[in-house]
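Quick notes on the structure that follows.
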Amino acid sequence: MVAKHQNAWVLWLTAASEATIADMALSRHCLRTVPGCKEANPLLRGSALRAWTIDLSLTAAMALWSQRLERHHHRWWLLPLVALTAGHVIGAIIAGRMLKKQRRP
């Protein structure tokens with residue numbers, strides 16, 4: 001990894017990891033507590049262990065893909081991590097809204 005890109009890569013990998021964990025935790029909580037809450041991603045339906053394993057594996061795969069793109073001097077090398085972060089932030093927001101809506105009397 002080129003030293004000038006290493007800080008950006010670590011920052012986006014941290015953001016993607018945090019967004020993944022937040023999305024998974026909120027989604028799992030929503031599935032347990034809110035009637036009618038459903039997982040939108042068909043790969044993640046089923047047991048919590050299966051969902052966590054698949055999602056964290058995909059996060060690792062996206063990080064490796066981003067690193068490979070950077071190593072080959074591709075100009076869009078950060079795109080996998082940015083897209084992953086955005087998707088999980090949206091998922092966490094949707095799950096959070098469902099949980100908030102359920103708490104209202």
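The first residue of the sequence shown is numbered 1, and numbering continues consecutively from there.
Hydrophobic cluster of L64: no remaining members, since no ILVMFWY side chain lies below 4.5 Å from it. I93 forms part of a hydrophobic cluster together with V89, judged by ILVMFWY side-chain heavy-atom separations under 4.5 Å. Here L49 sits alone; no ILVMFWY side chain lies under 4.5 Å from its own, so it joins no hydrophobic cluster.
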If you look only at distance, which donor and acceptor atoms sit under 3.5 Å apart when one is on a side chain in residues 38-48 and the other is two or more places apart or in another chain?
from: E39; atom 1: OE2; to: N41; atom 2: N; distance (Å): 3.2
from: N41; atom 1: OD1; to: L43; atom 2: N; distance (Å): 3.0
from: R45; atom 1: NE; to: E39; atom 2: O; distance (Å): 2.9
from: R45; atom 1: NH2; to: E39; atom 2: O; distance (Å): 3.1
from: S47; atom 1: OG; to: R50; atom 2: N; distance (Å): 3.1

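In this structure, the separation between CG on D23 and CD1 on I94 is 8.5 Å, given to the nearest 0.5 Å. Of the inter-residue distances, the one linking E70 atom CD with Q6 atom CD reads 9.0 Å to the nearest 0.5 angstrom. To the nearest 0.5 angstrom, E18 atom CD is 12.0 Å from H88 atom NE2. The structure places NE2 of H74 at 9.0 Å from CH2 of W65, a figure rounded to the nearest 0.5 Å.
Side-chain heavy atoms closer than 4.5 Å link hydrophobic residues (I, L, V, M, F, W, Y) into clusters, and following such links, possibly through other members, connects M62 to W9. Under the 4.5 Å side-chain heavy-atom criterion for ILVMFWY residues, a single connected hydrophobic cluster contains both W12 and L69. L84 is connected to L78 through a chain of hydrophobic side-chain contacts under 4.5 Å among Ile, Leu, Val, Met, Phe, Trp and Tyr, so both are in one cluster. The hydrophobic cluster containing V82 also contains W77, counting ILVMFWY residues as joined when their side-chain heavy atoms lie under 4.5 angstrom apart, directly or transitively. Taking hydrophobic clusters as Ile, Leu, Val, Met, Phe, Trp and Tyr residues chained together by side-chain heavy-atom distances below 4.5 Å, L81 shares a cluster with V10.
Across S17 and T59, no two heavy atoms sit closer than the pair OG-CG2, 4.2 Å. In terms of heavy atoms, A92 sits closest to A22 at CB-C, 4.3 Å.
For residues 30-97, the pairs satisfying disulfide bond (SG atoms under 2.5 Å apart) are C30-C37, with sequence neighbours left out. Within the structure, disulfide bond (SG atoms under 2.5 Å apart) pairs that include any residue of residues 41-78 do not occur (at least two apart or interchain).
Heavy-atom neighbours of W52 CH2 from other residues, nucleotides or ligands within 6.0 Å: above the threshold of 12.
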- Could you walk me through whether Q67 and L13 pass the side-chain contact (heavy atoms from CB on, under 4.5 Å) test, one step at a time? CA-CA 10 Å; Q67 193 174 42; L13 178 58; over 6 Å; no
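In this structure, I21 and M24 have side chains that are not in contact, with every pair of non-hydrogen atoms separated by 4.5 Å or more.
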